[in-house]
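Contents: one structure, followed by commentary.
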Protein chains: 4
Amino acid sequence: MPNPQGNQPLIPPRPRPGARAAKAAARRDAILTAALDEFSAKGFASARLDDVAQRAGVAKGTIYLHFRDKEALFQELIRSTLVPLVGRLETIGEIDLPTRTLVERIVDVFVDEVFGTRRKDVIRLIIAEGPRFPQIAEFHYREVVSRAITALRGLMRRAIERGELSGDILVRFPQLVVAPVLVAIIWSGLFDRFESLDVRSLMRAHLDLLFGEPS
Amino acid sequence: MPNPQGNQPLIPPRPRPGARAAKAAARRDAILTAALDEFSAKGFASARLDDVAQRAGVAKGTIYLHFRDKEALFQELIRSTLVPLVGRLETIGEIDLPTRTLVERIVDVFVDEVFGTRRKDVIRLIIAEGPRFPQIAEFHYREVVSRAITALRGLMRRAIERGELSGDILVRFPQLVVAPVLVAIIWSGLFDRFESLDVRSLMRAHLDLLFGEPS
Amino acid sequence: MPNPQGNQPLIPPRPRPGARAAKAAARRDAILTAALDEFSAKGFASARLDDVAQRAGVAKGTIYLHFRDKEALFQELIRSTLVPLVGRLETIGEIDLPTRTLVERIVDVFVDEVFGTRRKDVIRLIIAEGPRFPQIAEFHYREVVSRAITALRGLMRRAIERGELSGDILVRFPQLVVAPVLVAIIWSGLFDRFESLDVRSLMRAHLDLLFGEPS
Amino acid sequence: MPNPQGNQPLIPPRPRPGARAAKAAARRDAILTAALDEFSAKGFASARLDDVAQRAGVAKGTIYLHFRDKEALFQELIRSTLVPLVGRLETIGEIDLPTRTLVERIVDVFVDEVFGTRRKDVIRLIIAEGPRFPQIAEFHYREVVSRAITALRGLMRRAIERGELSGDILVRFPQLVVAPVLVAIIWSGLFDRFESLDVRSLMRAHLDLLFGEPS
DNA sequence: GATGAATGAGGGTTCATTCAT
DNA sequence: TATGAATGAACCCTCATTCAT
């Protein structure tokens, strides 16, 4: 809904029409980014909207112009982050290449787009706060987890048909494919200070276990 | 109400000696149990000591007779729960049986003693709150994780020497052995409502991946 | 409700510029006044911020917008009250009039500006709570007591040079000049119910002792 | 009420009859001493009975065997300390010696028995807490202040009759005689850290003002 | 009497949310 | 639309007092 007043020359200090909406969207994004910082660092309950506002460079009240309340801000944040990645995963599954290659691409996407970004923190938040926010758990089961499971299961089934994989274990439990992802995320949040874990090597080792070491 | 059992003349009107201490210990345990309930359900920040007290059947002030403050109660709770299990894990590693058998025992211990009990919730709490409580993370790295890693690594190394395992992947990344454990715990907290996950089957499938399906 | 005064076009719909800051200052003052009431009546520890807020006509949380905590409110209150009077005392000392006249002016200032006002209560608070608030004691020694002592000592020295006073006792112990002030304050707080003490007469009698009765 | 059980040989572990009462009295005194320490240091409201008990070497409950509640302990403490001294003051007034000599004795008693002892702290407590404890103020007006005022007034009147003092100022305001006492007490509590005040010299200087310097 | 564990009312402080400007 | 001062409910913690032992 672009601002329709085509000619309002008498309000000079305001930027071009449309700029208003753009500014609003920028503010909204700034708030979401700041919120991710604070929620990651302190958890939902301990994060203070004061700090979110300050970090976003807006006033506290402004948050309420964009989000109904603290929980809505949190849910919005959590919902908007991971969904796009599932599309990537599904797309990769459709490509006609050896499964091992595809899975390696998936791993790369994960390492680069999740582990190397703030999305990692979102996953941590889902794990930590999900039990208290049933809608979040449900949303992610529906929009992320079940779709990812389905995509993986399809990929594994095709791998068997192609003779790249023996046994239906990974069809029955596609979760086993991504289990080390969770290990990596949790480890990095808790224990990296004491002993760092090379995620890419870990994932590659895992693939070697699943598909056999490449000759 | 004078003690009516006529034939206990040598025992003074008060209960057995040590009953006082016993009662104190019982109260302490009741508080810890109640605290686990509340912290699991609400998280550290949102749990109310009022509720802990009520659930434990004591007054609010009583908590402070046993724990310095809310955080001390939380840390105590977290610290006392998992350590005993590591001993079990280390002990199992010393038994002279086929590795697959030992690992199956470990899985059974995990399923029965962790997944089937409140310890599962403690692990969830560590994952969720650990980043905010560096002492907890450090304690668990030192007392649980690093010991478990070491024990597993030893077990895997021996398996290779015995020819039960080919490749040193699991020696380099023993975390891969337990990765599905985390999947199971997280899944059960978030998604069991939508799709249940049979932990025992999952773990068995995982072992089949690692050691080959038993013929 | 658009501002109906047709002929004030240049003033925006909100009150005078600075009205916001003025209101904030007024609130701060209201809190300080209320705090003096409550602290005087109950002492620091027993005064309730709830009561301070109510008396000031603000919400409890508002106090924390102006003062870091209860102690800061207390210290601020104590610090801001007496310092201005020392300036008066020092100024009087510079006037070229007979010492007895100057001291009588000082006494008048004391009776009117301290004894007749809430400042009396502040002095009582310093006496009562000072030992527990070293910063307050130090501040008042530095900003009030030592300056007053110095001013009085100068005055007494000049009186000797002028032949209005014999002996250097009051130069060595200027405290003796103001001793009855403390008697008056303490008496009025404790014993006025039983036997009232006419402060002005007391002080005049004291001056007669020091300087001889005016003939 | 001496313990009347003259013959109770069958309770051997207990000390001689009467020793019980003596021990009780000792405990009571220990509590009062400890209470003075704590009340002096923290004030009535902030002093903790826990600390009093610990300092007295008794259990918290024991305090309640000797005093109805915290306030009763406080009042008892305050009441029992100063009264004996008034007797001394009245006695000194009856001796037939030069007034200056008598007043010097009074000053010595004050310096040695009040200023050099914990009684100084009791006076401070009366000043600080008296306004909140009307019974304490009343008690001290009746039993201490008015009697001391009367005794001093008699002494001053006799001094005039004897020609040792000219003018009736000190008869009208005997408070002026003791004013420096309060200065000394308050000063020592607040400002001694910064500038010490020699009480004996101060008092002697004061007497020189009142009675003229001894030739 | 003596103990000290247990109680629970009370109060300082925080912070999500509102609303006048 | 944006602000941030103001609100007041909520919660941790303390400590005077009680009472079973």
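Please read these numbers as outputs of a predicted model, since none were measured by experiment. Numbers restart at 1 for each chain; the letters A, B, ... are given by sequence-line order, proteins then strands.
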Name every donor-acceptor pair, under 3.5 Å, that has one atom in a side chain of residues 25-36 of chain D and the other anywhere in the protein, sequence neighbours excluded.
unit_1	atom_1	unit_2	atom_2	d
D:R28	NH2	D:E76	OE2	2.8
D:T33	OG1	D:D29	O	2.9

Residue list, ring pair (Phe, Tyr, Trp, His ring centres under 6.0 Å) with A:F133, at least two apart or on another chain: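 Partners of A:F133 by the ring pair (Phe, Tyr, Trp, His ring centres under 6.0 Å) criterion, ordered by chain and then number, come out as A:F44, A:F74.
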Non-neighbouring partners of C:E129 that pass salt bridge (Lys or Arg N to Asp or Glu O under 4.0 Å), sequence neighbours left out: C:R132
Out of curiosity, [X] [atom1] to [Y] [atom2], how far, rounded to the nearest 0.5 Å?
X     : Y      : atom1 : atom2 : result
A:Q75 : A:D69  : CD    : CG    : 9.0 Å
A:F67 : A:T62  : CZ    : OG1   : 11.5 Å
B:D37 : B:D121 : CG    : CG    : 8.5 Å

Passing candidate, side chain to side chain contact (heavy atoms under 4.5 Å, CB included) with B:S40, options B:L77, B:L125, B:V122: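 Only one option passes, and that is B:L125.
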Within residues 62-70 of chain C, residues whose heavy atoms come under 4.0 Å of DNA chain F: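 Result for residues 62-70 of chain C: C:T62, C:L65, C:H66, sorted by number.
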Pair D:R55 + D:E38, salt bridge at N-O below 4.0 Å: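 A salt bridge is present here (some side-chain N lies under 4.0 Å from a carboxylate O).
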More than 12 heavy atoms of other groups within 6.0 Å of C:R68 CZ: no
Base-pair map of DNA chain F as dot-bracket, where | denotes pairing with a different strand and pairs are Watson-Crick or G-U under 3.5 Å: .||||||||||||||||||||
Between P of E:dG12 and CZ of C:F74, the distance in whole Å: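 Taking atom P of E:dG12 as the reference, CZ of C:F74 is at 14 Å.
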Minimal non-hydrogen separation, C:F39 against C:A47, with atom names: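 That closest heavy-atom pairing would be CD2-CB, 3.4 Å.
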Sub-4.0 Å heavy-atom contacts from residues 24-58 of chain D onto DNA chain E, ordered by number: D:R27, D:V58
Base E:dT13 to side chain C:K60, donor-acceptor N/O within 3.5 Å cut-off: yes
